[in-house]
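Working notes for the structure below.
Any value given below was found using the heavy atoms of this structure, including those in side chains, with hydrogens, waters and symmetry copies removed. Every chain is numbered from 1 and lettered A, B, ... according to where its sequence line falls, protein lines coming before strand lines.
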2 protein chains.
Amino acid sequence: MTIYDISEKAGVSIATVSRVLNGSSNVSEKTRKKVLDVINRYEYTPNAFARGLGLNTMKTIGILCADSSDLYLAKGIYYIEQKLRSNGYDSLLCCTGYTLENRINSLNLLINKKVDSVVLVGSNFIYENEENNRYICNAAAQVPIMLLNGALDAPNVYSIVSDDFTSMYEATCQMIDSGVNDILYYYNSASYSGKRKLAGYRLAMEERDLLKSPELLQFYRGSHEDIPAMTEHLKQLHRDGLSFHGLIAADDTLALSAIKYAGELGIAIPSELSIIGYNNSMLVNSCVPELTSIDNKLETLCQHLISTLLGVLDGREMPKKTIFSGELVRRGTTR
Amino acid sequence: MTIYDISEKAGVSIATVSRVLNGSSNVSEKTRKKVLDVINRYEYTPNAFARGLGLNTMKTIGILCADSSDLYLAKGIYYIEQKLRSNGYDSLLCCTGYTLENRINSLNLLINKKVDSVVLVGSNFIYENEENNRYICNAAAQVPIMLLNGALDAPNVYSIVSDDFTSMYEATCQMIDSGVNDILYYYNSASYSGKRKLAGYRLAMEERDLLKSPELLQFYRGSHEDIPAMTEHLKQLHRDGLSFHGLIAADDTLALSAIKYAGELGIAIPSELSIIGYNNSMLVNSCVPELTSIDNKLETLCQHLISTLLGVLDGREMPKKTIFSGELVRRGTTR
DNA sequence: ACTTTACATGTAAGCGTTTACATCCCTAAT
DNA sequence: ATTAGGGATGTAAACGCTTACATGTAAAGT
């Protein structure tokens with residue numbers, strides 16, 4: 001069933017059919033009805049390839065992320081997908097894992113698929129090394145690139161970020177003000193936002209001259225899902241004699257492992273150990289006591305990302321970088 | 001940069017360029033090299049639309065799921081996406097939510113996008129009412145449909161399911177054998193696999209005449225992420241005087257809420273309350289004690305789904321339904 | 001009544017591939 | 001030397017749509 005069949009059955013030319021298909025104004029109400037009628041009767045839908053060839057767009061946005069099974073990224077993908085769909089766009093998902101080469105390949109692949117834009121979900125896509133970010137700039141030469149929680153100052157790339165630095169700074173200050181001086185920072189990522197979070201903690205601690213030992217910065221290598229391994233890591237630190245009465249984690253899973261660690265060692269929360277997580281994910285309610293966590297307003301970020309994207313695709317001038325501040329949500333793991 | 005530019009620069013016809021692009025055999029090694037050289041030098045990539053128009057396939061598989069932010073579904077999507085990519089296919093993701101109308105729309109949309117197949121992730125897509133499943137059959141008339149954890153006997157639809165019935169039956173038997181007679185069944189979905197799980201529990205209980213009260217079947221309505229609400233629900237049951245020394249949950253989140261419930265009421269696990277969850281997700285390690293849970297081998301299912309799909313696309317005869325059995329992974333919430 | 005205008009519709013030329021078919025040239029068999 | 005055969009290459013038609021341009025028609029203005 002092609003546009004020719006429809007035009008024939010409706011007794012008009014293919015141009016007219018195409019016009020009603022594309023909502024062109026130059027069609028009389030009568031013929032529009034007639035054509036629409038035939039289209040519905042035969043359940044005709046235009047061939048997407050041919051349409052793409054003609055229009056050079058498929059109303060599809062590429063989504064690139066490291067790992068769609070990550071709790072936080074999955075949420076981001078979900079919001080973005082939803083909001084795109086309600087604006088008439090589809091999304092093409094690519095999970096790249098964490099190697100640069102795969103990322104470059106996936107990005108090119110998406111662009112070859114003729115997506116109208118690609119949004120990079122998560123800051124793992126931004127590198128310290130300028131050279132490594134060139135693949136993003138190359139891509140941006142073809143289509144606008146949207147960065148969720150990552151920032152890069154380059155033509156045709158737009159960044160939507162949460163102010164992780166300030167969130168972490170303020171959370172640390174508040175924990176210090178509550179009377180905790182020896183605060184361990186527990187993190188597992190050296191990504192763009194990972195660095196910003198760390199910097200926030202660091203500033204708060206250094207301002208008060210509390211960052212006495214490099215041991216207070218603890219990096220966990222390993223799967224972002226492997227809570228037992230994280231717990232074990234903390235227990236090892238304990239055995240090694242490291243002492244801390246506060247723990248700030250760069251992710252809720254890390255914080256959760258701290259709760260387990262405390263539970264297994266009989267350390268009381270929050271009287272002997274205060275804990276703050278990050279992301280305010282569903283995990284915060286899964287534990288006892290419930291986890292104090294920083295909410296970085298993912299849905300707001302996504303909402304804004306999509307409206308920026310739609311603006312860009314519409315040819316409007318849009319802000320290159322937008323920053324949203326987060327919020328500390330207090331629960332049982334802090335005083 | 002089109003195939004014409006390349007053919008010109010390489011001094012051959014577009015047909016030859018197309019042949020090397022598609023790995024056709026009828027090209028001399030010398031010209032193949034020459035053309036490849038030009039292609040690489042100019043970083044040419046064929047236009048996906050034009051190619052699609054000619055070949056009528058885009059090497060893209062549609063993925064339909066209710067909610068990609070669901071822990072379990074997200075994992076499934078991840079595995080499928082990975083395995084597709086490593087076989088040269090891309091994936092187009094659609095989250096439909098839980099209404100039939102949205103599903104029908106999304107499915108049609110994917111097919112209009114000319115995907116080569118669509119895989120439905122999660123059994124929420126299968127309805128009791130035969131009539132409601134017709135949308136799947138309609139779709140199957142166009143492209144093969146793959147069902148992950150849902151089954152439908154229809155032409156051109158292939159089902160890959162875990163044997164939730166047996167897993168649940170055996171888990172229930174084991175809990176009974178461990179000395180627990182009053183086992184609450186806690187569930188939140190009446191989907192295809194939801195029903196099968198329930199039936200497994202039911203059989204085990206009824207065989208021993210232990211299903212004394214309908215109160216032992218507790219349905220939780222509400223967000224699959226809202227653990228506090230689930231916990232509250234259980235506490236309400238307790239207040240209402242319902243007594244149980246075992247709880248089997250259709251999902252780990254539900255089981256987690258039971259752990260919280262026990263914690264808040266000072267009920268000892270597992271001596272006073274045994275708990276079994278479902279999915280063996282990352283949540284099982286996030287709590288104290290760690291959660292005994294049924295692993296339904298999601299990765300195996302996905303692996304199998306993809307190889308079946310590739311077989312089907314390859315024109316081979318493939319099994320219409322494949323069943324994998326699960327496994328009870330014992331941890332601290334059971335004796 | 002005749003021109004102008006504006007709107008509705010049709011015609012045909014792309015868009016960038018794939019591929020059936022035609023052509024050419026070279027090798028090998030007679 | 002002649003010819004059949006086959007591999008390499010080119011030509012051109014298709015794929016199904018969009019859209020600039022041409023054409024036609026009816027209402028409005030003179």
Side-chain angles (χ1 to χ4, degrees), chain A residues 1-39 42-60 88 90 108-109 111-116 142-143, chain B residues 1-39 42-60 88 90 108-109 111-116 142-143:
Chain A
M1 183 66 55
T2 74
I3 201 170
Y4 284 92
D5 301 311
I6 300 299
S7 75
E8 192 183 323
K9 292 183 206 298
V12 298
S13 73
I14 59 163
T16 301
V17 177
S18 175
R19 286 193 191 97
V20 345
L21 242 26
N22 292 284
S24 163
S25 53
N26 283 343
V27 184
S28 75
E29 206 44 44
K30 213 175 72 185
T31 40
R32 154 170 280 111
K33 280 249 163 56
K34 193 170 54 181
V35 171
L36 244 24
D37 218 56
V38 177
I39 287 178
Y42 291 91
E43 295 189 339
Y44 162 77
T45 52
N47 179 297
F49 295 139
R51 200 165 209 185
L53 237 201
L55 292 170
N56 206 39
T57 166
M58 197 128 159
K59 291 280 237 174
T60 302
D90 294 320
N108 288 335
L109 188 146
I111 288 174
N112 290 346
K113 289 261 165 163
K114 296 288 176 186
V115 297
D116 300 308
Q142 325 247 359
V143 294
Chain B
M1 182 68 55
T2 75
I3 202 171
Y4 284 92
D5 301 310
I6 301 297
S7 76
E8 192 183 324
K9 292 186 208 295
V12 298
S13 74
I14 60 163
T16 301
V17 177
S18 176
R19 286 196 190 94
V20 347
L21 243 25
N22 291 285
S24 162
S25 53
N26 282 343
V27 184
S28 75
E29 205 44 45
K30 213 174 72 184
T31 38
R32 156 170 278 111
K33 279 249 164 57
K34 193 169 57 181
V35 171
L36 244 25
D37 217 57
V38 177
I39 287 176
Y42 291 91
E43 295 189 337
Y44 161 77
T45 51
N47 179 296
F49 295 139
R51 201 165 209 186
L53 236 201
L55 292 170
N56 206 38
T57 165
M58 196 128 163
K59 290 280 239 174
T60 302
D90 295 321
N108 288 335
L109 187 146
I111 289 173
N112 289 345
K113 289 261 164 165
K114 296 287 174 187
V115 296
D116 300 306
Q142 324 248 356
V143 294

Atom CE of B:Met58 to atom C1' of C:dG16: distance rounded to whole Å?
13 Å

Do you know the tightest heavy-atom contact between B:Asn26 and B:Arg19?
O-CD, 4.1 Å

Between B:Ser28 and D:dT9, is there a side-chain N or O to OP1/OP2 distance below 4.0 Å?
yes

By nearest heavy atom, map B:Ser13 and A:Leu53 onto DNA chain D; which one lands nearer the 5' end?
B:Ser13

Indicate the atoms forming the closest heavy-atom contact of A:Ser7 with A:Ser13, along with that distance.
CB-C, 3.6 Å

Which heavy-atom pair separates A:Asp116 from A:Val143 by the least distance, and what is that distance?
O-CB, 3.7 Å

Side-chain (A:Asn47) to main-chain (A:Phe49) donor-acceptor, under 3.5 angstrom:
yes

If you take all heavy atoms of B:Arg32 and B:Val27, which pair is closest and at what distance?
NH1-O, 3.7 Å

Quick one: is D:dA8 close enough that its OP1 or OP2 comes under 4.0 Å of any side-chain N or O from B:Thr31?
no

Value in whole Å for how far the C1' atom of D:dG16 lies from OH of A:Tyr42:
19 Å

How many Å lie between CG on A:Asn47 and P on C:dG16, as a whole number?
17 Å

Under 4.0 Å, counting only non-hydrogen atoms across every strand here, what does B:Ser24 touch: a base, just sugar-phosphate, or nothing?
nothing

Is there a donor-acceptor pair under 3.5 Å between the side chain of A:Lys113 and the backbone N or O of B:Met58?
yes

Rounded to 10°, the angle between the first-five-pair and last-five-pair axes of the helix from C:dA1-D:dT30 to C:dT30-D:dA1 is 50°

Can you check the A:Glu8 CD to D:dG16 C1' distance for me, whole Å?
15 Å

Looking only at non-hydrogen atoms, find the nearest pair between B:Arg51 and B:Asn22 and report the distance.
NH2-OD1, 3.2 Å

Measure the distance from CZ on B:Arg32 to P on D:dA8 and round it to the nearest whole Å.
10 Å

d(A:Thr45 OG1, B:Asn108 CG) to nearest 0.5 Å is 8.0 Å

I need the CG-P distance between A:Asn56 and D:dT18, as an integer number of Å.
13 Å

In short, A:Tyr44 meets A:Thr2 closest at the heavy-atom pair CE1-C, 3.7 Å

If only side-chain N and O atoms of A:Tyr44 are considered, is one of them under 4.0 Å from the OP1 or OP2 phosphate oxygen of D:dG16?
no

Provide, to the nearest angstrom, the distance between the CG atom belonging to B:Asn112 and the C1' atom belonging to D:dG16.
14 Å

Classify every nucleotide of nucleotides 18-26 of chain C by which part a protein heavy atom approaches to under 4.0 Å, writing B for the base, S for the sugar-phosphate alone and - for neither, in 5'-to-3' order.
BBB------

